[in-house]
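For reference, positions follow the sequence shown, starting with 1.
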Amino acid sequence: MKPLAILPAVMLSLGLAGAAHAHVGVTPSVAAPGTIVEATFKVGHGCDKAATTALSVRATSPAKMVHPMDVKGWTTALIKKDGKTVGATWTANTPDAALPDAFLMHVELPTAKGPFYFDATQICGDKQVRWNEQPKGDGAKLEHPAPMIDIGGKAPAAGAEEHHHH
């Protein structure tokens, strides 16, 4: 069987797995070292049947610049460390606010190649889910993977859809 022939089945199985757990994904998945990217964080759905009422995202590695963007119907609070903005928390202005298509953050990536992780916390009323697990190199499946941009990684093939978790 050709590897590309199984791709739809793999994508479908990942989509079905996502129905059990919402994931926080980020695009782009790959970027050049030292560039400024518009990191787009997407939340597929709420936690177990509860609507997402807040999302908190922060860079886990130093970035030269992190600039979160406001989202209509949500309040943006900056997360600071040592006087520098490292992330944001977006909170719905009303409990039944529609989940936005995306939460945006401009990030100037480091010049070093490798994975650049974000720590995300999805809040659904009184429930919290932390999306902060990073691979340990043992191939174990992560239950709550951290959103990640591969700095200097290989870009997806032309025409291939970029994978992000729902």
- For F41, ring pair (Phe, Tyr, Trp, His ring centres under 6.0 Å) partners two or more places apart: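 Here the qualifying residues are F118.
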- Item | All ring pair (Phe, Tyr, Trp, His ring centres under 6.0 Å) counterparts of F103, not counting sequence neighbours |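 F103 satisfies ring pair (Phe, Tyr, Trp, His ring centres under 6.0 Å) with W74, W90 once adjacent residues are dropped.
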Heavy-atom pair with the smallest gap, counting every atom of [X] and [Y]:
X: A59; Y: F116; result: CB-CZ, 3.8 Å
X: V71; Y: A102; result: CG2-O, 4.1 Å
X: A97; Y: A92; result: CB-CB, 3.7 Å
X: V57; Y: A120; result: CG2-CB, 4.2 Å
X: H106; Y: E38; result: NE2-OE2, 3.2 Å
X: P68; Y: G87; result: CG-O, 3.7 Å

Going by the salt bridge (Lys or Arg N to Asp or Glu O under 4.0 Å) test, which pairs reach into residues 102-125, not counting sequence neighbours?
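Listed once each, the pairs are R58-D119, D119-R130.
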Calculate, to the nearest 0.5 Å, the distance between atoms OG1 and CG belonging to T60 and N132 respectively.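 Spacing of OG1 (T60) from CG (N132) equals 9.5 Å.
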Self-check item: E133 side, atom CD; E143 side, atom CD - distance, nearest 0.5 Å
Solution: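 Output value for this atom pair is 6.5 Å.
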Mind checking whether [X] and [Y] have side chains closer than 4.5 Å, heavy atoms only?
X: I36; Y: M65; value: yes
X: V24; Y: H144; value: no
X: T53; Y: T91; value: no
X: T75; Y: N93; value: yes
X: P145; Y: H23; value: yes

Can you name the residues that form a salt bridge (charged side-chain N to carboxylate O under 4.0 Å, His left out) with K84, not counting sequence neighbours?
->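 Partners of K84 under the salt bridge (charged side-chain N to carboxylate O under 4.0 Å, His left out) test: none.
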Please identify each residue that fulfils side chain to side chain contact (heavy atoms under 4.5 Å, CB included) with [X], with sequence neighbours left out.
X: T35; value: A31, A32, V37, L109
X: D82; value: none
X: K80; value: L78, T85

Indicate if I149 and V86 have the same hydrophobic cluster label, given that clusters are the connected sets of ILVMFWY residues with side-chain heavy-atom separations under 4.5 angstrom.
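I149 does not cluster with V86.
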Notebook entry, point to check: Transitively linked via ILVMFWY side-chain contacts under 4.5 Å: I123 with V26?
Noted result: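 They do not share one cluster, since no chain of ILVMFWY contacts under 4.5 Å joins I123 to V26.
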Checklist entry - Any sub-3.5 Å donor-acceptor pair from Q122's side-chain atoms to H45's backbone N or O? => result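 Indeed, once roles are kept as given, a pair shorter than 3.5 Å links the two residues.
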**OP:** Please report the C-alpha distance between V43 and L55 in whole Å, then the side-chain angles of each, then the deciding distance to 0.1 Å, and finally whether the side chain to side chain contact (heavy atoms under 4.5 Å, CB included) criterion is met.
**Re:** CA-CA 9 Å; V43 179; L55 178 67; 3.9 Å; yes
For [X], what are the other residues in its hydrophobic cluster, where any two members join if their side-chain heavy atoms are less than 4.5 angstrom apart?
X: L104; result: M69
X: Y117; result: M148
X: L142; result: none

D126 atom CG: more than 12 heavy-atom contacts under 6.0 Å: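 At most 12 heavy atoms, drawn from other residues, nucleotides or ligands, come within 6.0 Å of this atom.
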**Report entry** Residue pairs involving residues 51-89 (criterion disulfide (SG to SG under 2.5 Å); sequence neighbours excluded)
**Finding:**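 Matches after skipping sequence neighbours: none remain.
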*asked:* Can you pull out every disulfide (SG to SG under 2.5 Å) where at least one residue sits in residues 68-97? Sequence neighbours excluded, please.
replied: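 Listed once each, the pairs would be none.
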- prompt: Under 4.0 Å between a Lys/Arg side-chain N and an Asp/Glu carboxylate O for D101 and K42?
  reply: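 Looking at D101 and K42, the cut-off is not met.
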Do D150 and S29 have side-chain N/O donor and acceptor atoms under 3.5 Å apart?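 There is no such pair between these side chains.
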Given the rule in the side chain to side chain donor-acceptor pair (under 3.5 Å) test, do T121 and Q128 qualify, once you have shown the distances and angles that lead to the verdict?
CA-CA 7 Å; T121 302; Q128 287 191 12; 5.4 Å; no
